[in-house]
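What follows is a short report on a single structure.
One is the number of the first residue; the rest follow in order along the sequence. The figures here come from the full heavy-atom set of this structure, side chains too, leaving out hydrogens, waters and symmetry mates.
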Amino acid sequence: MPLDLSLRPEQKFPCPLCGKGLDARQTKKKKPYVICDPCGVQLFVRSRAGMHVFEQLVSDAGQRNIWKRLDDLQSRYRRKCPECGKEFWIVPNQIKTSWVDGSFEGYRCPERGCDGVVSWNKEGK
């Protein structure tokens with residue numbers, strides 16, 4: 001039995017790349033999907049089992065405080081390069097240390113050709 005997400009337009013699902021809340025939509029055949037225009041992500045759920053899990057995730061997002069948790073993750077692990085302005089998720093292989101004493105300096109921007117380094121503190125965001 002197809003899900004009827006169109007009856008609940010406030011239902012959202014997070015983009016797997018940027019975390020933005022996306023409107024859960026339906027295809028003409030009543031199958032759920034989401035689209036994130038800035039990221040170019042299109043997520044279509046095709047199987048009955050997948051549609052059931054998708055419906056549960058969308059329905060439980062508010063109760064499980066998923067949006068607050070995503071905001072917390074972004075504020076901790078997403079940074080903006082002071083040189084080129086690119087936003088990125090920090091990962092261990094981007095750690096920049098001082099060549100003098102090995103102390104932690106921040107995280108290197110992953111953009112090719114950019115030498116920007118973002119500090120860990122909130123001001124470096």
Side-chain angles (χ1 to χ4, degrees):
M1 176 171 166
L3 304 173
D4 194 5
L5 296 173
S6 63
L7 296 177
R8 296 183 303 277
E10 74 283 352
Q11 299 294 308
K12 303 250 184 222
F13 187 81
C15 172
L17 296 182
C18 71
K20 176 184 170 188
L22 307 174
D23 293 327
R25 305 175 188 176
Q26 276 188 323
T27 66
K28 292 177 184 176
K29 294 185 177 187
K30 306 287 186 200
K31 294 186 178 187
Y33 73 98
V34 293
I35 295 176
C36 182
D37 290 325
C39 294
V41 169
Q42 295 181 346
L43 179 85
F44 292 85
V45 184
R46 301 288 184 204
S47 72
R48 189 175 298 270
M51 287 188 279
H52 179 70
V53 172
F54 183 82
E55 169 71 8
Q56 284 182 314
L57 290 172
V58 168
S59 297
D60 293 346
Q63 293 173 346
R64 297 166 103 197
N65 209 10
I66 191 74
W67 306 113
K68 170 83 169 91
R69 290 166 50 195
L70 283 171
D71 284 344
D72 290 346
L73 282 174
Q74 286 189 358
S75 69
R76 282 189 209 154
Y77 302 111
R78 192 154 172 88
R79 294 291 186 261
K80 185 174 185 177
C81 177
E83 299 293 322
C84 70
K86 176 184 176 85
E87 287 193 13
F88 61 95
W89 290 96
I90 58 173
V91 293
N93 69 350
Q94 294 169 321
I95 291 175
K96 167 85 167 98
T97 56
S98 168
W99 62 272
V100 176
D101 62 4
S103 63
F104 175 76
E105 291 183 0
Y107 292 90
R108 286 186 211 92
C109 176
E111 190 69 21
R112 185 169 290 205
C114 181
D115 294 324
V117 175
V118 180
S119 66
W120 172 250
N121 61 19
K122 297 284 185 192
E123 293 79 43
K125 193 164 184 183

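- In this structure, V45 and G50 approach most closely via the heavy-atom pair CG1-C, 3.2 Å.
- In this structure, the separation between CZ on R46 and NZ on K29 is 9.0 Å, given to the nearest 0.5 Å.
- Rounding to the nearest 0.5 Å places SG of C15 at 9.0 Å from CG of L43.
- Under the 4.5 Å side-chain heavy-atom criterion for ILVMFWY residues, no single connected hydrophobic cluster contains both V53 and V41.
- Note: F13 and F54 have tilted aromatic rings, judged against thresholds of 30 and 60 degrees for the angle between ring planes.
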ask   = Taking it one step at a time, do K12 and D23 satisfy side-chain contact (heavy atoms from CB on, under 4.5 Å)?
value = CA-CA 5 Å; K12 303 250 184 222; D23 293 327; 2.5 Å; yes
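- For R78 against E87, the heavy-atom pair with the smallest separation is NE-OE1, 3.4 Å.
- Atoms OG and NZ, on S103 and K96 in that order, are 9.5 Å from each other to the nearest 0.5 Å.
- Shortest non-hydrogen contact noted between F88 and K86 is CD2-O, 3.6 Å.
- A continuous path of ILVMFWY side-chain contacts below 4.5 Å connects V118 to Y77, so both sit in one hydrophobic cluster.
- Connection of F104 to I90 is established within a shared hydrophobic cluster, with ILVMFWY side chains joined at heavy-atom distances below 4.5 Å, either directly or through further cluster members.
- When all heavy atoms are compared, the tightest approach of A24 to V34 is CA-CG1, 3.9 Å.
- Heavy-atom neighbours of K20 NZ from other residues, nucleotides or ligands within 6.0 Å: at or below the threshold of 12.
- Note that CZ of R79 and CH2 of W89 are 10.5 Å apart. Values are rounded to the nearest 0.5 Å.
- W99 contributes atom CH2, which lies 10.5 Å from atom CD of E105 (distance to the nearest 0.5 angstrom).
- Judged purely by atom type and a 3.5 angstrom limit, R25 has no side-chain atom pairing as donor or acceptor with the backbone of P32.
- Side-chain contact between C84 and C109: present, with at least one pair of heavy atoms (C-beta onward) separated by less than 4.5 Å.
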task = Evaluate side-chain contact (heavy atoms from CB on, under 4.5 Å) for I95 paired with Y107, printing each intermediate quantity in order.
result = CA-CA 5 Å; I95 291 175; Y107 292 90; 3.5 Å; yes
